[in-house]
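Notes for the one structure printed next.
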Number of protein chains: 2
Amino acid sequence: MVRQYAATSPEALTEALFDVAAESGLDAATVRVVAARAGVSIGAVQHHFATKDQMYAAAFAALVARVRARIGRVDLTAPLPERLLTVLAELLPLDKARTREARVMAAFAARAATSPSLAAIQAAQLAEIRAELTEALGDLDHAEQRAAVLFAAVDGLALHAVSSGGGLKRHQLTAALEELVRRFV
Amino acid sequence: MVRQYAATSPEALTEALFDVAAESGLDAATVRVVAARAGVSIGAVQHHFATKDQMYAAAFAALVARVRARIGRVDLTAPLPERLLTVLAELLPLDKARTREARVMAAFAARAATSPSLAAIQAAQLAEIRAELTEALGDLDHAEQRAAVLFAAVDGLALHAVSSGGGLKRHQLTAALEELVRRFV
DNA sequence: TATGGAACCATACAGTCGTATGGAAACCAT
DNA sequence: ATGGTTTCCATACGACTGTATGGTTCCATA
């Protein structure tokens, strides 16, 4: 029988996982379901990721890298309020893509509480973003402390925005962000 | 055979669920595990909660009620900055009990993204706390908007505090809270 | 003390999970 | 063309899961 294998890359699999997780939560992102979503067999997934934990870790790492890349593209030579706004805006669900991202990110963050491999990725991610924010704050007093608070606050905004009954619409998000930055620089 | 039944109340069951969830995450809080933790049989759990979903909903509601009760005890006649600080402090993991609470709360919040019953409870909780905060802000301009931002920010602080690599120690939490309130009133 | 309902238990069922196994198909260097 | 490696599939296994069933114990009330 002539058979044509699909181009089953790890990237395609993590993308399928994102789809499932965004729609039905991480719990629904089982090996079987992800395989079906990607149009491949269970074995194909197993070939690229030996265990489910590795699959999750790879997906989480890819997601984190995506956010990091966006932040890394921000021009740090821009004047302070603007560059801070730009960095922080990357963390907010201001469009459909970032809303999906924030949803999946929140799911991973929750699971990181009980998964050592995910916790490690999360810890690195938090530290890096905090450092980036500290840098974006320039030579202000207590930049590190301010960065930590700003980061947590924006993360909270993102979480409330994607929560049921969060009550934070898109334009309220940007207004809140501007208010935060205005009061914190 | 002489048998002695344990005092199996719904409260004892939800308490057992909190224990399991705080230690090993909500995923680990299966009907069997919760029953074992409470020292009763599966059937006893089934008797009080017809389904696992109902068990989760009852536990989440109880947790939410606890937070709400603490907030309700705050004296709203105190001067503005103090009463706002007091309300918001109740949301932060400033002691061991509230740390456990924040952990379990975060787990429920994550699950609310895919569980309609939990989502309903969460939506009500968010709305109520936001209203409480708005009231605590008194007759300030844009009190509602400020309340939403403050709430999200404090929730973010709580989340980062209990996250791996969150990097927010206890005294930093109170400092951040004071800074937030100072800049927002 | 008889009786009915509430509380609780032991067990079983079907379904899903992650993972292991053995082989087939595809590709690649020789 | 051939042998080896990578890629992928079909299937099976044991360990769970939530829930259903039928029975037992307890307790209040009559």
Side-chain angles (χ1 to χ4, degrees), chain A residues 1-21 23-60 107-108 110-112 114-119, chain B residues 1-21 23-60 107-108 110-112 114-119:
Chain A
M1 179 191 186
V2 179
R3 187 106 38 108
Q4 191 81 11
Y5 286 150
T8 307
S9 63
E11 290 78 22
L13 294 176
T14 62
E15 207 56 42
L17 189 150
F18 292 154
D19 283 343
V20 174
E23 290 171 14
S24 323
L26 255 191
D27 288 336
T30 67
V31 175
R32 275 167 180 77
V33 170
V34 169
R37 183 67 168 235
V40 299
S41 73
I42 301 176
V45 176
Q46 287 182 303
H47 176 72
H48 292 286
F49 307 116
T51 67
K52 186 198 176 189
D53 198 67
Q54 286 180 28
M55 177 177 82
Y56 275 25
F60 191 23
F108 272 118
R111 204 170 208 104
T114 52
S115 159
S117 49
L118 297 186
Chain B
M1 179 191 185
V2 180
R3 188 106 37 107
Q4 192 82 9
Y5 285 149
T8 307
S9 64
E11 290 77 20
L13 293 176
T14 62
E15 206 57 41
L17 190 150
F18 292 155
D19 282 343
V20 175
E23 290 171 16
S24 322
L26 256 189
D27 288 335
T30 67
V31 176
R32 274 166 181 78
V33 170
V34 170
R37 183 67 169 236
V40 299
S41 73
I42 301 176
V45 176
Q46 287 181 306
H47 176 72
H48 293 285
F49 306 116
T51 67
K52 185 197 176 189
D53 199 67
Q54 285 180 28
M55 178 176 82
Y56 275 25
F60 191 23
F108 272 117
R111 207 173 204 94
T114 51
S115 160
S117 49
L118 297 186

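Proteins come first, then strands; the chains are lettered A, B, ... in the order of their sequence lines, and each starts at number 1. Side chains are part of it too, since the values below use all heavy atoms of this structure and drop only hydrogens, waters and symmetry mates.
The aromatic rings of B:F108 and B:F18 stand perpendicular to each other, their planes meeting at an angle above 60°, with 30° marking the opposite boundary.
Between B:M55 atom CE and B:T30 atom OG1 the span is 7.5 Å, to the nearest 0.5 Å. Taken to the nearest 0.5 Å, the OG atom of A:S9 stands 7.0 Å off from the NE2 atom of A:H48. Residue A:D53 holds its CG atom at 9.5 Å from CZ of A:R111, rounded to the nearest 0.5 Å. We find the CD-CZ distance between B:E15 and B:R37 to be 10.5 Å, quoted to the nearest 0.5 Å.
For B:I42 and D:dG23, the CD1 to C1' distance is 16 Å, given to the nearest whole Å. In this structure, CG of B:L13 is placed 12 Å from P of C:dA7, rounded to the nearest angstrom. Remark: P of D:dT6 and CD of A:Q46 are 18 Å apart, rounded to the nearest angstrom. In this structure, the CG atom of B:D53 is 11 Å from the C1' atom of D:dG18, given to the nearest Å. The distance from atom NE2 of A:H47 to atom P of D:dT7 is 4 Å, rounded to the nearest whole Å.
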Any chance you could lay out the side chain to side chain contact (heavy atoms under 4.5 Å, CB included) test for B:F49 and B:T14, step after step, and finish with the verdict? CA-CA 10 Å; B:F49 306 116; B:T14 62; 4.2 Å; yes

Encode nucleotides 13-18 of chain C as B, S and - characters from 5' to 3', where the letter depends on protein heavy atoms closer than 4.0 Å: B to the base, S only to sugar-phosphate, - to neither. ----BB

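Here B:T8 reaches the OP1 or OP2 of C:dC8: one of its side-chain N or O atoms lies under 4.0 Å away. The phosphate of D:dT6 (OP1 or OP2) has no side-chain N or O of A:H48 nearer than 4.0 angstrom.
D:dA30 is paired with C:dT1 under the criterion used here, namely a Watson-Crick or G-U wobble arrangement in which both key atom distances are under 3.5 Å.
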